[in-house]
*Asks:* 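I am attaching a structure below and will ask some questions about it afterwards.
Read the numbers this way: they start at 1 and go in the same order the structure lists the ligands and their atoms. Small disclaimer: the values here were computed from a predicted structure and weren't measured.
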Amino acid sequence: MTFETRVMGHRGAAKLAPENTLASISAAADVGTQWVEIDVTIAADGLVIFHDDTLDRCTNGSGPVKMKSVAELKALEVENQFNPAFSNETIPTLVEALKHIQDLGLSLNLEIKCAQPDVMKIVPDVLAQLAEHWQDKSKLCISSFNHDVLIAVRNIDSDLRLSQIYKAIPNNWPETLSSIHAFSLNCDYALLREETALAIKEAGYLLFCYTVNKPELVQEHWKWGMDAVITDDPSLFFNTGIK
Ligand code: G3P
Ligand code: MG
């Protein structure tokens, strides 16, 4: 099985525009990216696209995201060290992001972020919004570090492509991926070793590595069978002829 792209944008394209905003997704599309990864998390009354548990790093707000309503989150300024044109960006809702990604003709790696007690608060809502607002399951995969999230997704939907994310890959990865009929294993490129990469590919899974921001860092990984990188700046790879 080969994958349709070798380069996915990370948080949209986090080196080109404020991460996880609609502008970041547009920036990824503008440089020719087909797939984008974004993070969905839970707010007090809805689902938003945001990486951290707290607001402090990426906005002018503070405290836990999940304590704020969507209206309160939409009123915040998003940290912008890029183009002044991005200064009106806000934290997108999941539905806004789904619409924008499809309007641009992109495919989506949707990472579900949640603490353990929130698994059944977020998964049914994410799947309900996908069922209503996402057209083509072949242009979608759901990823998470949290295996219980992926089990919950699989229990509701037997078709969706599921990606187990790891930092360091544990020894029980074969059982873990098999139990959810996983599509891919997504891991930190710096911790991946050749023997494990070859075993993942031998087992029939796609292998995606994050967050690769210099093409020269993964020259060996391509030889081991890595299918795609997840990068903050896809143009760095496109400029070297990797598509
Ligand atoms: O899916 C790859 C990557 O996004 C996982 O790490 O922390 O950037 O969401 P993080
Ligand atoms: Mg992520």
Side-chain angles (χ1 to χ4, degrees), residues 3 5-22 24-25 27-28 33-43 47-59 64-66 78-79 91-92 94 97-98 101 106-116 118-119 122-123 126 130 139-150 153 160-170 173 176-177 180 182-192 197 200 205-214 217-218 221 226-234 236-237:
F3 194 54
T5 185
R6 292 198 281 168
V7 185
M8 280 189 196
H10 182 234
R11 307 182 195 173
K15 277 236 163 95
L16 304 179
E19 67 178 55
N20 278 325
T21 61
L22 300 187
S24 187
I25 294 163
T33 315
Q34 295 172 44
W35 276 79
V36 286
E37 184 264 2
I38 57 173
D39 305 293
V40 63
T41 195
I42 196 165
L47 298 171
V48 293
I49 305 304
F50 203 78
H51 177 273
D52 297 357
D53 294 337
T54 59
L55 291 161
D56 303 63
R57 180 177 65 89
C58 292
T59 75
V65 178
K66 71 179 188 179
V78 172
E79 173 71 24
I91 297 172
L94 174 60
L98 296 178
I101 289 164
L106 303 181
S107 301
L108 171 62
N109 170 0
L110 183 64
E111 181 183 348
I112 300 178
K113 297 273 191 204
C114 82
Q116 201 60 29
D118 295 333
V119 171
I122 190 168
V123 168
V126 169
L130 286 168
K139 298 180 82 171
L140 175 67
C141 65
I142 306 293
S143 58
S144 189
F145 284 97
N146 188 327
H147 186 61
D148 290 337
V149 162
L150 298 177
V153 174
L160 277 173
R161 294 163 156 186
L162 301 184
S163 301
Q164 178 68 55
I165 312 177
Y166 291 118
K167 193 151 179 64
I169 300 172
W173 69 263
T176 306
L177 268 70
I180 53 166
F183 171 66
S184 74
L185 186 152
N186 305 2
C187 66
D188 183 335
Y189 78 92
L191 301 176
L192 181 63
I200 293 163
Y205 300 109
L206 291 172
L207 176 59
F208 302 146
C209 288
Y210 66 85
T211 304
V212 189
N213 288 334
K214 290 184 180 169
L217 295 173
V218 287
H221 299 59
M226 178 181 67
D227 293 281
V229 290
I230 302 173
T231 175
D232 292 324
D233 185 355
L236 295 173
F237 288 85

*Asks:* Applying a 4.0 Å heavy-atom criterion (strictly less than), which segment of Ile165 is in contact with ligand 1: side chain, backbone, both, or neither?
*Replies:* side chain
*Asks:* Tell me the protein heavy atom at minimum distance from atom 4 (O) of ligand 1, and give that distance in Å.
*Replies:* Glu37 OE2, 2.6 Å
*Asks:* In terms of ring plane angle, is the pair Phe3 and Trp35 parallel, tilted or perpendicular, where the classes change at 30° and 60°?
*Replies:*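 Correct class here is tilted.
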*Asks:* What residue and heavy atom of the protein are closest to atom 3 (C) of ligand 1, and at what distance?
*Replies:*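 Checked against all protein heavy atoms, atom 3 (C) of ligand 1 sits closest to His10 NE2, 3.6 Å.
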*Asks:* What atoms of ligand 1 come closer than 4.0 angstrom to any heavy atom of Lys113?
*Replies:*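 Checking each atom against Lys113, I get 7 (O), 9 (O), 10 (P).
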*Asks:* Could you tell me whether the side chain of Lys167 reaches within less than 4.5 Å of the side chain of Leu191, counting heavy atoms only?
*Replies:* yes
*Asks:* What part of Phe145 sits under 4.0 Å from ligand 1 if we count only heavy atoms: the side chain, the backbone, both or neither?
*Replies:* side chain
*Asks:* Looking at Asp39, which of its N, O or S atoms is the nearest one to the Mg ion (ligand 2)?
*Replies:* OD1
*Asks:* Closest to the Mg ion (ligand 2), which N/O/S atom of Glu111 is it?
*Replies:* OE1
*Asks:* Is the closest side-chain heavy-atom distance between Phe208 and Met226 below 4.5 Å?
*Replies:* no
*Asks:* Return the minimal non-hydrogen interatomic distance between Ala97 and Ile49, and the atom names on each side.
*Replies:* CB-CG1, 3.7 Å
*Asks:* Atoms of ligand 1 less than 4.0 Å from Tyr210 heavy atoms?
*Replies:*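 So the atoms of ligand 1 that pass are 2 (C), 3 (C).
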*Asks:* Over all heavy atoms of both residues, which pair between Ser24 and Glu19 is shortest? Give the atoms and the distance, please.
*Replies:*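 For Ser24 and Glu19, the tightest heavy-atom pair comes out as OG-CA, 4.1 Å.
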*Asks:* What is the minimum heavy-atom distance between Val40 and Ile122, and which atoms define it?
*Replies:* O-CD1, 4.0 Å
*Asks:* Please list, in number order, the atoms of ligand 1 under 4.0 Å from a heavy atom of Asp39.
*Replies:* 9 (O)
*Asks:* By number and element, which atoms of ligand 1 are closer than 4.0 Å to a non-hydrogen atom of Arg11?
*Replies:* 7 (O), 8 (O), 10 (P)
*Asks:* Restricting to N, O or S atoms, which atom of Glu37 is closest to the Mg ion (ligand 2)?
*Replies:*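 Output for this pair reads OE2.
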*Asks:* What do you reckon, does Ser143 have a nitrogen or oxygen under 3.5 Å from a nitrogen or oxygen of ligand 1?
*Replies:*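 No; every N/O pair is 3.5 Å or more apart.
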*Asks:* Indicate, as side chain, backbone, both or neither, the part of Asn186 found under 4.0 angstrom from ligand 1 when only non-hydrogen atoms are considered.
*Replies:* neither
*Asks:* Which atom names give the shortest non-hydrogen contact between Leu150 and Ser144, and what distance separates them?
*Replies:*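 Minimum heavy-atom contact is CD1-O, 3.8 Å.
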*Asks:* Go through it in stages, so that I can follow the logic: the residues are Asn109 and Ser143, the test is side-chain hydrogen bond (donor to acceptor under 3.5 Å, both in side chains), and I'd like the CA-CA distance, side-chain angles, deciding distance and then a yes or no.
*Replies:* CA-CA 7 Å; Asn109 170 0; Ser143 58; 2.7 Å; yes
*Asks:* For residues Thr33 and Leu106, report the shortest heavy-atom separation together with the two atoms involved.
*Replies:*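 That closest heavy-atom pairing would be O-CD2, 3.0 Å.
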*Asks:* Between Lys167, Met8, Glu19, His51, which one has a non-hydrogen atom sitting closest to atom 10 (P) of ligand 1?
*Replies:*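 Among Lys167, Met8, Glu19, His51, the closest heavy atom to atom 10 (P) of ligand 1 comes from His51.
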*Asks:* For atom 5 (C) of ligand 1, what's the nearest protein heavy atom and its distance?
*Replies:* Glu111 OE1, 3.5 Å
*Asks:* Does Arg11 pair with Asp232 as a salt bridge, N-O distance under 4.0 Å?
*Replies:* no
